[in-house]
Amino acid sequence: MSGRMLSAGEGPASTWCVPNLITVVRILMVPLFVWLMALDAGNHGALRWWAGAIFLVAIATDAFDGHLARSRNLITDLGKLLDPIADKALTGAGFIMLSIVAELPWWVTAVILTREIGITVWRLVEARRIVLPAGRGGKAKTVLQTVALGLALWPLHVVLGHEIWHWANIVFMSLAVILTVASGIDYLWQAYRPGASADSSS
């Protein structure tokens with residue numbers, strides 16, 4: 001089992017331990033990111049660079065607080081609740097803002113958000129019947145979404161050239177959409193395949 005052993009006199013991790021505070025900060029970064037994107041209004045100026053930087057910093061804190069919680073035995077129920085909310089709020093805001101500035105078709109944002117919100121709500125409703133850990137497909141989906149959003153949010157056409165940046169955006173965003181839908185279907189299949197309930201109770 002990963003994480004340190006609790007020594008005598010130590011109790012459960014505090015609700016407001018450092019990893020949870022980092023997660024809260026990540027959630028608070030979402031409106032700042034949205035505000036900067038709105039002010040830039042698709043002009044790809046300095047504010048757009050700042051918005052992209054905030055997005056990447058916020059994403060980086062996700063890996064950091066997760067590692068800290070596991071290595072220091074600071075995993076709490078609040079953290080389990082807030083962490084996915086923070087992640088989906090950040091990536092969801094990224095997709096929505098790209099659509100608002102007309103750089104991403106609304107149908108792409110709708111497909112991704114429908115999957116993310118739908119699976120989240122389904123997990124809450126079905127939590128007492130079956131609990132499935134995040135699979136490789138879900139983790140790969142998150143990585144691809146992050147790469148696609150980071151590439152689209154930063155105006156890298158200044159460095160790469162508009163054509164290369166444009167096609168890179170199309171390729172990575174397409175892969176993110178495909179894997180988002182596929183991982184959602186796989187998640188439901190794993191839950192409702194024959195013997196899933198029995199597996200979950202073993």
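In this chain, residues are counted from 1 in sequence order.
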What one should report as the nearest heavy-atom pair of Ser99 and Pro105 is OG-O, 3.7 Å

Common cluster, [X]/[Y], ILVMFWY with side-chain heavy-atom separation under 4.5 Å:
| X | Y | result |
| --- | --- | --- |
| Ile185 | Val108 | yes |
| Ile170 | Trp107 | no |
| Val57 | Val147 | yes |
| Ile164 | Phe172 | yes |
| Leu21 | Leu28 | yes |

Euclidean distance, [Y] [atom2] relative to [X] [atom1], rounded to 0.5 Å:
| X | Y | atom1 | atom2 | result |
| --- | --- | --- | --- | --- |
| Arg48 | Glu103 | CZ | CD | 4.0 Å |
| Thr142 | Leu179 | OG1 | CG | 9.0 Å |
| Asn169 | Ser174 | CG | OG | 10.0 Å |
| Leu56 | Leu153 | CG | CG | 7.5 Å |

[X] versus [Y]: any side-chain heavy-atom pair under 4.5 Å?
| X | Y | value |
| --- | --- | --- |
| Trp106 | Leu98 | no |
| Val177 | Ile112 | yes |
| Arg115 | Val181 | no |
| Leu104 | Thr109 | yes |

Among Asp87, Leu90, Leu151, Ile59, exactly one meets side chain to side chain contact (heavy atoms under 4.5 Å, CB included) together with Thr146. Which residue is that?
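The single option meeting the side chain to side chain contact (heavy atoms under 4.5 Å, CB included) with Thr146 is Ile59.
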
Between Trp154 and Leu149, is the side-chain contact (heavy atoms from CB on, under 4.5 Å) condition met? List the steps.
CA-CA 8 Å; Trp154 277 39; Leu149 282 170; over 6 Å; no

What orientation do His162 and His166 show, parallel under 30°, tilted 30 to 60°, or perpendicular over 60°?
parallel

For side-chain contact (heavy atoms from CB on, under 4.5 Å), just list the numbers for Thr180 and Glu116, CA-CA rounded to whole Å, side-chain angles, deciding distance to a tenth of an Å, and then say yes or no.
CA-CA 8 Å; Thr180 296; Glu116 298 291 359; 4.3 Å; yes

If you draw a 6.0 Å radius around CH2 in Trp49, do more than 12 non-hydrogen atoms from other residues or ligands fall strictly inside?
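Buried by this count: over 12 neighbours within 6.0 Å.
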
Give the table of side-chain donor-acceptor pairs shorter than 3.5 Å for residues 29-42, with sequence neighbours excluded, one pair per line with atom names and distance.
from	atom 1	to	atom 2	distance (Å)
Asp40	OD1	His44	N	3.4
Asp40	OD1	Gly45	N	2.9
Asp40	OD2	Gly42	N	3.3
Asp40	OD2	Asn43	N	3.0
Asp40	OD2	His44	N	3.0

Kindly determine whether Phe95 and Met173 satisfy side-chain contact (heavy atoms from CB on, under 4.5 Å), including the steps that lead there.
CA-CA 10 Å; Phe95 288 117; Met173 196 62 72; 3.6 Å; yes

Are the side chain of Arg26 and the backbone of Ala86 linked by a donor-acceptor contact shorter than 3.5 Å?
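No.
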
